[in-house]
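Here is the structure we will look at, set down as structure tokens.
Nothing fancy with the numbering, it's 1 onward along the sequence.
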Amino acid sequence: MGDLIVLQNISEERGTVVIDSISGQVLNDKIPSTTDTPLLRVLPDGYMTVRESKDEDSDDKILTYELREFNGDLKREIVISTDVTRGSLNNFLVLEDSLLKIRMVEENEEQDMAVLPWDGTEDLRVPLPIEVDTTGIPSIARADREVGPSTFLASPGAIILREFPGNKVSQRTVGMK
């Protein structure tokens, strides 16, 4: 498979088209995106969505992150409390074994990242040596540009994250193993 050409229609219910750039094959022409299950990312071998629900026993909010193949089949999912992720639609990185999610924190809290294993084992917290603050950005698309695929990425043996310090001027890039 070659690179993917993605026409993501941000209008709800219209779907997203994914085409293999080498063969010209349409891999999917109707990836759904709704208010209840927004499309978060198109990946080389499928796509990721998130769904919010309530725990019937405790009434807590629950998020279900789903990795799907282009034909719609479910590959993996993580079911987690919104208290763990603190924001569901942006600031994440999909890895083979886990989903990394930068947690939005209050002003006096230390910034960290949740490591959410796809196999359902216990999640971990990793303190971040930089600030990533997208709370003042009203647009999810802009927040994804600031802390998204080109600024939060995997490299062999580590991840790379660019600082987004809100309204401050300096920006640093860090690598973490």
- Task: Please lay out, stage by stage, how Asp73 and Lys75 fare under the test salt bridge (charged side-chain N to carboxylate O under 4.0 Å, His left out).
- Result: CA-CA 6 Å; Asp73 290 348; Lys75 292 194 308 189; over 6 Å; no
- Assess whether side-chain contact (heavy atoms from CB on, under 4.5 Å) is satisfied between Val26 and Phe70, documenting all intermediate values. CA-CA 10 Å; Val26 175; Phe70 286 120; over 6 Å; no
- Message: Does Leu40 form a side-chain contact (heavy atoms from CB on, under 4.5 Å) with Tyr65? I'd like the steps, not just the answer.
- Response: CA-CA 9 Å; Leu40 298 181; Tyr65 288 96; 3.7 Å; yes
- Under the side-chain contact (heavy atoms from CB on, under 4.5 Å) criterion, do Ile80 and Lys101 qualify, and how do the steps go? CA-CA 12 Å; Ile80 195 95; Lys101 175 72 178 77; over 6 Å; no
- Task: May I have the step-by-step check of side-chain contact (heavy atoms from CB on, under 4.5 Å) for Val94 and Trp118, ending in yes or no?
- Result: CA-CA 10 Å; Val94 179; Trp118 289 111; 4.2 Å; yes
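Using a 4.5 Å heavy-atom cutoff, the side chains of Leu99 and Met48 are in contact. In this structure, Asn28 and Val42 have side chains that are not in contact, with every pair of non-hydrogen atoms separated by 4.5 Å or more. Using a 4.5 Å heavy-atom threshold, the side chains of Met113 and Ile159 count as touching.
Pro117 approaches Ser98 most closely through the heavy-atom pair CA-CB, 3.9 Å. Of all heavy-atom pairs spanning Ser23 and Asp20, the tightest one is N-OD1, 3.3 Å. Across every non-hydrogen atom of Leu74 and Leu67, the tightest pair is CD1-O, 3.6 Å. Minimum interatomic distance between Ile62 and Lys54 (heavy atoms only, all atoms of both residues): CG1-C, 4.4 Å.
Atom CG of Leu124 is separated from atom CG of Asp112 by 11.0 Å, given to the nearest 0.5 angstrom. For the atom pair CD1 of Ile19 and CG of Asp3, the computed distance is 13.0 Å after rounding to the nearest 0.5 Å. The structure places CG of Asp119 at 8.0 Å from CG of Asp97, a figure rounded to the nearest 0.5 Å. Glu52 contributes atom CD, which lies 10.0 Å from atom OG1 of Thr64 (distance to the nearest 0.5 angstrom). The OG1 atom of Thr49 sits 4.0 Å away from the CD atom of Glu66 when rounded to the nearest 0.5 Å. The CD1 atom of Ile102 sits 10.5 Å away from atom CZ of Phe92, with the distance rounded to the nearest 0.5 Å.
Follow the hydrophobic side-chain contacts under 4.5 Å out from Val126 and you reach Leu100 in the same cluster.
Contacts of Asp55 classified as side chain to side chain donor-acceptor pair (under 3.5 Å), with partners at least two apart in sequence or in another chain: none. Looking at residues two or more places apart in sequence or on another chain, you find no salt bridge (Lys or Arg N to Asp or Glu O under 4.0 Å) involving Glu56. Taking the salt bridge (Lys or Arg N to Asp or Glu O under 4.0 Å) definition, one finds that Glu77 meets it with nothing, sequence neighbours left out.
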